[in-house]
J.: 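Mind having a look at this structure? Questions to follow.
Count residues from 1 along the sequence. These numbers come from a predicted model, not from an experiment.
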Amino acid sequence: MTLQEKYEAARAETLEQLRFKDFRSAFIERIYLMNEAYDLYRLLPQPLAFGYAVWYMADRSSLPIEPHDLILGRVVQRVPTPEEDVFIAAAIQREQNGERLLNDGGHFTVDLHALIEKGYYGLREDVRAKIAELSGSASEKRLTFLRGMELVYTGFMRYAERYAEEAEKRGMTDEAEICRALTVGAPRTFRQGLQLAYFTIYCYYVFCSGSLNCYSCLNIGRLDDELHDLFASDKAAGTLTDELARTAIHDFYCKCADFLGRGEHQLGGTLESWMHNPVYDSPTYVGLGGRSALRDTLENPLTDLFLQAVDPRYEQPTIIFRYNSGLPEKTKRLFAEKVRDGASFLNYSDHAVIPAMRRIGVEENDAINYSVYPCNWPNISCCDVPVAHIRHVQGQFVTELVFDENGVPRQNFPTMQSICDAFVESYRAEAHKLFNDVRAAIPSFRSEDPQFLRATDCLFHDCIRKATWRRGAAKYYTVLVMFRSIAGGVDCLAALEKVVYQDKLCTLAELGRAIAANFEGYPELLAAVRRAPKYGDDDPAANRIGHDVYTAVTDAVIAESYNADGVQDVHPLFPTATDMFYFGDQCGATADGRLRGEPFTENMSPAPGHARSVTSVLNSALSLPRATFHSGGFNLRLPKSLVAGEEGLSRLMLLIDSYFTKGGTQQQWSFTDVEELKKAQLRPDEYRDLMVRITGYSAVFVDMSKLGQDQIIRRDDLS
């Protein structure tokens, strides 16, 4: 087959899966092998049991190959028979009873630099050297932990070896040589490096990830950055063309897309779904673009090839594209084209995130290597371990800070400033206690023997160097300070200021009674708080409140991250986040006029109806303190007509560049028309290819729940 024929065959196969994969399809073979491994090794210490289980599954998995494969490794998926459903139900019950070896829930960025530099073979040799070094001095638990790691690498290598043998039988000599090379050393070519990255994803999901943990997502890392030198060397030697590299990358994307189940990540997923497929609608992340700690230039031809290979129809992998105004124009144009076509991208800005990382004490090269893992949570790649969270839905938090459950003011707030001060003090006090608890625990994290082994420990090279699990090997102990549905917090504060303190339309107690009554019997007051300045309208009052309050909050939290000796030993990461339906359904009315049970605002996006234009929304987001937030989905919708053609693409490129160069952190664009979305609700079979944005990645609109579809429809049209 020609490269073009292989490309077309892979694309047709992937689109067929995306459109028609049965919701009930399961990783059948994995479930059986997982249970067999448990019965064989359950009595061993956990690291050895886990390591042997990985090896057992790698040694017995099927090895499907298609003639168009450039990347090898396919998972066996099909709808279970009635008898198999009985077996799966029993397996679920066993896991619920704690009878399982696989406990890894992902949400992790792979140490891709060490993986490419050393390969499985080199990592295993490092483990063996560490065992030899520590024998006779380290505890048996620590040595057992390392022996478990050795077995995991051996299992990964065994899988590559078996695929080499199978490819050779089928006459696929190039692919066989690529796989075999990964069993004897580090990758020495671009295709070997890409195959190694995919085998890591495959082995993690199929042999290592837990089932009932859910969301077993993995960020493989910055492929264009780490594979650049191999690519350049192959090109110089004349052994690789752009067409071959691009087609191999496309096949890599296709293989990642094949893992995904059908459904909507934020709103779907039952226990059975996750057991059937441990990555049920959970994206794999790939990093592209941005500044590099490995080279001085922003120009990387491999970035362009990775972008060219993106097919906007695929739900995954999700591309973390790091925007920088210094990127070559051709790269920025390629990026904008893929965004316009609805590709599954998370779009972050170096100009915001790197300074935000530096502000919390992250070293320069580590800040340059920032990333995010699933759910738009920030990550200091291969350096940090999140050890705690502060999570508040902002509109709810403001309302409950001021009023008790009966609507009675919790204290006398004589001025609006006193409410803002209480807001900041509440965060400061919570951070003070939590950070002290974390810093008290850090010495034990670093000194204690590892209690169990996870695959993510094996993909974090410092775990080998320090002979311990990630919790002990981390360079940074991070706390995620999440501002959920941040627009609601701004809107509630702005409403309190306008209605109570400026216009004096009511007292604080009267507003509290109205909120407790869900505004029933208070129509004028409800109208007044809804007329108050709102985030999204580029209102100076709302912008001022958002900037001043969240600057004061983050300053106070960062101040608490220093210990008594002035050393910053806890590192707060500031993402925005969303759980708009779940928390909205449980929460009463809030001070911004949101009624009981209504959804909260969507991450960094404004409340519906408060987006006068795309400029007003972007300016409201820019009013929040710059170089403070590390991540968060900012969903924006424009009609397709406004980005059509060359003029529309230029318009989009200008919007992206102006927002990011002014300090914006992140943006997610959807280009859909409301009428088209409504038609898709009524006639889903006619709109199988309609893609929309969900908190940073692309999803098939007709696969979403009615609730999720309605949320997409109610987003403001920013035309």
J.: Against N379, only a single residue in D384, N369, T478 fulfils side chain to side chain donor-acceptor pair (under 3.5 Å); can you say which?
T.: D384
J.: Nearest 0.5 Å please: distance from the CH2 atom of W669 over to the CZ atom of R340.
T.: 13.5 Å
J.: Checking side-chain contact (heavy atoms from CB on, under 4.5 Å) for the pair Y477/D569: CA distance, chi angles, key distance, verdict?
T.: CA-CA 7 Å; Y477 292 94; D569 53 358; over 6 Å; no
J.: Under 4.5 Å between any side-chain heavy atoms of F345 and V310, yes or no?
T.: yes
J.: Provide the closest heavy-atom pair for G546 versus P625 in the form atom of the first, atom of the second, distance.
T.: O-CD, 4.0 Å
J.: Do the side chains of L677 and Q709 get nearer than 4.5 Å, heavy atoms only?
T.: no
J.: Taking the six-membered ring for Trp, are F660 and H351 closer than 6.0 Å centroid to centroid?
T.: no
J.: On a heavy-atom basis, which atom in Y659 and which in A621 lie closest, and how many Å separate them?
T.: OH-CB, 3.5 Å
J.: Using the side chain to side chain donor-acceptor pair (under 3.5 Å) definition, which of the options N347, D657, D350 pairs with Y323?
T.: D657
J.: A side-chain contact here means heavy atoms from C-beta on lying under 4.5 Å apart; do V529 and L511 qualify?
T.: yes
J.: If you round to the nearest 0.5 Å, how far is CG of L307 from OG1 of T303?
T.: 7.0 Å
J.: Between F321 and F335, is the ring centre distance below 6.0 Å?
T.: yes
J.: If you measure from CD on Q668 to CE on M604, what distance do you get to the nearest 0.5 Å?
T.: 11.5 Å
J.: Pair K679, E675 - check salt bridge (charged side-chain N to carboxylate O under 4.0 Å, His left out), show working.
T.: CA-CA 6 Å; K679 289 176 183 176; E675 290 307 312; over 6 Å; no
J.: Tell me, yes or no, whether the heavy-atom count around K332 atom NZ, taken from other residues, nucleotides or ligands under 6.0 Å, exceeds 12.
T.: yes
J.: For residues 515-557, which residue pairs pass the ring pair (Phe, Tyr, Trp, His ring centres under 6.0 Å) check, not counting sequence neighbours?
T.: F423-Y550, F483-Y550
J.: Check V402, D404, L401 against R410 for a side chain to side chain contact (heavy atoms under 4.5 Å, CB included) and give me the one that passes.
T.: D404
J.: Can you see which heavy atom on G536 is nearest to which on S620, and at what distance?
T.: N-OG, 2.9 Å
J.: Which pair of non-hydrogen atoms, one from G488 and one from T601, has the smallest distance, and what is that distance?
T.: N-OG1, 3.4 Å
J.: Considering non-hydrogen atoms only, spot the tightest contact between F413 and A422 and give its length.
T.: CE2-CB, 3.8 Å
J.: Evaluate the side-chain contact (heavy atoms from CB on, under 4.5 Å) criterion for residues E430 and V481: first the C-alpha distance (whole Å), next the side-chain angles of each, then the deciding distance (0.1 Å), finally the verdict.
T.: CA-CA 10 Å; E430 188 171 359; V481 183; over 6 Å; no
J.: Run the side-chain contact (heavy atoms from CB on, under 4.5 Å) check on L496 and L508 step by step: do they pass?
T.: CA-CA 8 Å; L496 287 165; L508 201 60; 3.9 Å; yes
J.: Between Y427 and F397, does the ring centroid distance fall short of 6.0 Å?
T.: yes
J.: Is there side-chain contact between R484 and F600, with at least one heavy-atom pair below 4.5 Å?
T.: no
J.: Do F634 and S605 have side chains that get closer than 4.5 Å, going by heavy atoms?
T.: yes
J.: Between I380 and M357, what is the shortest heavy-atom contact and its length?
T.: CG1-SD, 3.9 Å
J.: Assess the residue pair E315 and S344 against the criterion (side-chain hydrogen bond (donor to acceptor under 3.5 Å, both in side chains)); give the C-alpha distance rounded to whole Å, side-chain angles, the decisive distance to 0.1 Å, and a yes or no.
T.: CA-CA 6 Å; E315 284 193 59; S344 204; over 6 Å; no
J.: Any side-chain heavy atom of I558 within less than 4.5 Å of one from R359?
T.: yes
J.: Salt bridge (Lys or Arg N to Asp or Glu O under 4.0 Å) with K498: which of D539, D503, D592?
T.: D503
J.: Counting C-beta onward and ignoring hydrogens, is there a side-chain heavy-atom pair between P575 and M482 closer than 4.5 Å?
T.: yes
J.: Is a salt bridge present between E647 and R651, judged by a nitrogen-to-oxygen distance below 4.0 Å?
T.: yes
J.: Under a 3.5 Å cutoff, is there a donor and acceptor pairing between the side chains of T576 and N603?
T.: yes
J.: In terms of side-chain geometry, is the basic nitrogen of E425 or R428 positioned less than 4.0 Å from the acidic oxygen of its partner?
T.: yes
J.: Side-chain contact test, heavy atoms from C-beta onward, threshold under 4.5 Å: evaluate it for E497 versus L493 and give yes or no.
T.: no
J.: Taking 4.0 angstrom as the limit, do E520 and R596 come out as a salt bridge?
T.: no
J.: Thinking salt bridges, do R531 and E524 make one under a 4.0 Å N-O criterion?
T.: no
